Amino acid sequence: MAANTKEEFMQLIKRAGAFLTVKISNLLRHLDTRSYGAIAGLALAIVFTWRLLRAPRDPQRRQPKSQAPSGSSSGISNRASVNDASSDVSNHLEDSGTQNVIDEFFQPVKPTLSQIVRQRLCEGRKVTCRLLGVILEESSPEELQKQVTVRSSVLEVLLEITKFCDLYLMERVLDDESEKKVLMALEDAGVFTSGGLVKDKVLFCSTEIGRASFVRQLEPDWHIDSNPEIVTQLARFIKYQLHVSPSKIEQHAPNVFAATSLEQFLGCV
């Protein structure tokens, strides 16, 4: 009886070890897309599982020998079958419990917005970004003469970028009144409250050529724009670019990415 119990326990350890090996292999293959917190979870899981497997199992209670008449051998056989079935169910429940504990520790950790932004922007330290069609709802300088609307869905992403990037916003305007409206809208939306972006880093010009010149002078790691012509012109000067457009975009160059919005590119929608 003791030999059978030891053998069952060793089989449990082997099954748990094999399961852990598969989990670790899967985790290592996808480590680049998961949160770094998964590494800490891996260590905790290994320690916890090892302690679980080392814990002494409760000794099986000895069943009192039942006194049966010599002629009731069929009754003894039935009771033995019931005991064997109960033992199988108990072993299955123990195996399932061990596997559930391991599964719980190996659940992927959802990365934070900060981690997502850093990964997608490849740790870029300087970013330039157009306002129209990316940060603002409006898509032309003429519309800015009437109203300026900051896209609410991009605010959280924008503020996260300002935490670790030197961010410059820029746009072409037709008059000084449009410039004032843009600054007021950004201020009302809370863009300047985090301290990462100040009004001096919001640049205005009267031509698209002037905006492209701003970008080249600043030499950012990333430039974000909704004008395909500007993106094409800057492709050989800027390390990475993001072309934002609501319609499907053909690939410009290997260093130019495309998305329907900034937040969509960062996986936040």
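Remember, it's a predicted structure, so these values are computed and weren't measured experimentally.
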>> Apply side chain to side chain donor-acceptor pair (under 3.5 Å) to residues Ser153 and Glu263 and explain how you reach the verdict.
In response: CA-CA 7 Å; Ser153 60; Glu263 54 270 38; 2.6 Å; yes
> Would Thr260 and Val244 satisfy side chain to side chain contact (heavy atoms under 4.5 Å, CB included), going step by step from the backbone distance to the final call?
Replying inline: CA-CA 5 Å; Thr260 57; Val244 174; over 6 Å; no
> Taking only residues two or more places apart in sequence, or in another chain, which ones meet Arg118 in a side-chain hydrogen bond (donor to acceptor under 3.5 Å, both in side chains)?
Replying inline: none
>> For Leu155 and Val150: C-alpha separation, side-chain torsions, deciding distance, then whether side chain to side chain contact (heavy atoms under 4.5 Å, CB included) applies.
In response: CA-CA 8 Å; Leu155 272 177; Val150 178; 4.0 Å; yes
> Does Ile209 sit in a hydrophobic cluster with other residues, and if so which ones, taking ILVMFWY side chains as linked at heavy-atom separations under 4.5 Å, directly or through other members?
Replying inline: none
> Listed by chain and number, what are the salt bridge (Lys or Arg N to Asp or Glu O under 4.0 Å) partners of Lys163, not counting sequence neighbours?
Replying inline: Glu160
>> List the residues meeting side chain to side chain contact (heavy atoms under 4.5 Å, CB included) with Glu177, not counting sequence neighbours, and say none if there are none.
In response: Asp175, Lys180, Lys181
> Taking only residues two or more places apart in sequence or in another chain, which ones pass side-chain hydrogen bond (donor to acceptor under 3.5 Å, both in side chains) with Lys199?
Replying inline: Glu187
> Is there a donor-acceptor pair under 3.5 Å between the side chain of Asp221 and the backbone N or O of Arg125?
Replying inline: yes
> Rounded to the nearest 0.5 Å, what separation is found between the CD1 atom of Ile161 and the CG atom of Leu197?
Replying inline: 10.5 Å
> Is a side-chain donor or acceptor of Trp222 paired with a backbone partner of Leu242 at a separation under 3.5 angstrom?
Replying inline: no
>> If you define the side chain from C-beta out and look only at heavy atoms, does anything of Val202 sit under 4.5 Å from Leu183?
In response: yes
> Looking only at atom types and distance, does a side-chain atom of Thr232 sit under 3.5 Å from a main-chain N or O of Pro228, one as donor and one as acceptor?
Replying inline: yes
> In chain order, what residues pass the side-chain hydrogen bond (donor to acceptor under 3.5 Å, both in side chains) check against Glu229, with sequence neighbours excluded?
Replying inline: none
> What residue among Thr162, Val198, Val191 forms side chain to side chain contact (heavy atoms under 4.5 Å, CB included) with Leu167?
Replying inline: Thr162
> Can you name the nearest heavy-atom pair linking Phe265 to Ala259, along with the distance?
Replying inline: CB-CB, 3.6 Å
> Listed by chain and number, what are the salt bridge (Lys or Arg N to Asp or Glu O under 4.0 Å) partners of Glu156, not counting sequence neighbours?
Replying inline: none
> Between atom CZ of Arg120 and atom CD of Gln115, what is the distance when rounded to the nearest 0.5 Å?
Replying inline: 15.0 Å
>> Working to the nearest 0.5 angstrom, can you tell me the gap between Cys205 SG and Arg172 CZ?
In response: 8.0 Å
> Remaining members of Ile230's ILVMFWY cluster at a side-chain heavy-atom cut-off under 4.5 Å?
Replying inline: Tyr168, Met170, Leu203, Phe214, Val215, Leu218, Leu234, Phe237, Ile238
>> What verdict does the side chain to side chain donor-acceptor pair (under 3.5 Å) test give for Asn227 and Glu208, after you've listed the backbone C-alpha separation in whole Å, the side-chain angles of each residue and the deciding distance to 0.1 Å?
In response: CA-CA 9 Å; Asn227 187 330; Glu208 289 293 86; 2.7 Å; yes
> Applying the 4.5 Å side-chain criterion to the ILVMFWY set and letting contacts propagate, would Leu159 and Phe192 be lumped into a single cluster?
Replying inline: no
> Can you name the nearest heavy-atom pair linking Ala235 to Val256, along with the distance?
Replying inline: CB-CG2, 4.2 Å
May I have the list of side-chain donor-acceptor pairs in residues 127-140 shorter than 3.5 Å, sequence neighbours left out?
residue, atom, partner, partner atom, Å
Thr128, OG1, His223, ND1, 2.7
Arg130, NE, Glu171, OE1, 3.0
Arg130, NE, Glu171, OE2, 3.2
Arg130, NH1, Ser226, OG, 3.2
Arg130, NH2, Glu171, OE2, 3.3
Glu138, OE1, Thr149, N, 2.9
Glu138, OE2, Thr149, N, 3.3
Glu138, OE2, Thr149, OG1, 3.1
Ser139, OG, Glu143, OE2, 2.9
Ser140, OG, Glu143, N, 3.4
Ser140, OG, Glu143, OE2, 3.3

> In terms of hydrophobic clusters joined by side-chain contacts under 4.5 Å, are Val157 and Phe164 together?
Replying inline: yes
>> Phe204: which residues meet the ring pair (Phe, Tyr, Trp, His ring centres under 6.0 Å) condition with it, sequence neighbours left out?
In response: none
> Does the pair Leu144 and Leu174 meet the rule for a side chain to side chain contact (heavy atoms under 4.5 Å, CB included), with working shown?
Replying inline: CA-CA 9 Å; Leu144 297 180; Leu174 301 179; over 6 Å; no
> Taking C-beta and beyond as the side chain, do Cys122 and Lys239 meet within less than 4.5 Å on heavy atoms?
Replying inline: no
> side-chain hydrogen bond (donor to acceptor under 3.5 Å, both in side chains) with Lys201: which residues, sequence neighbours excluded?
Replying inline: Asp166
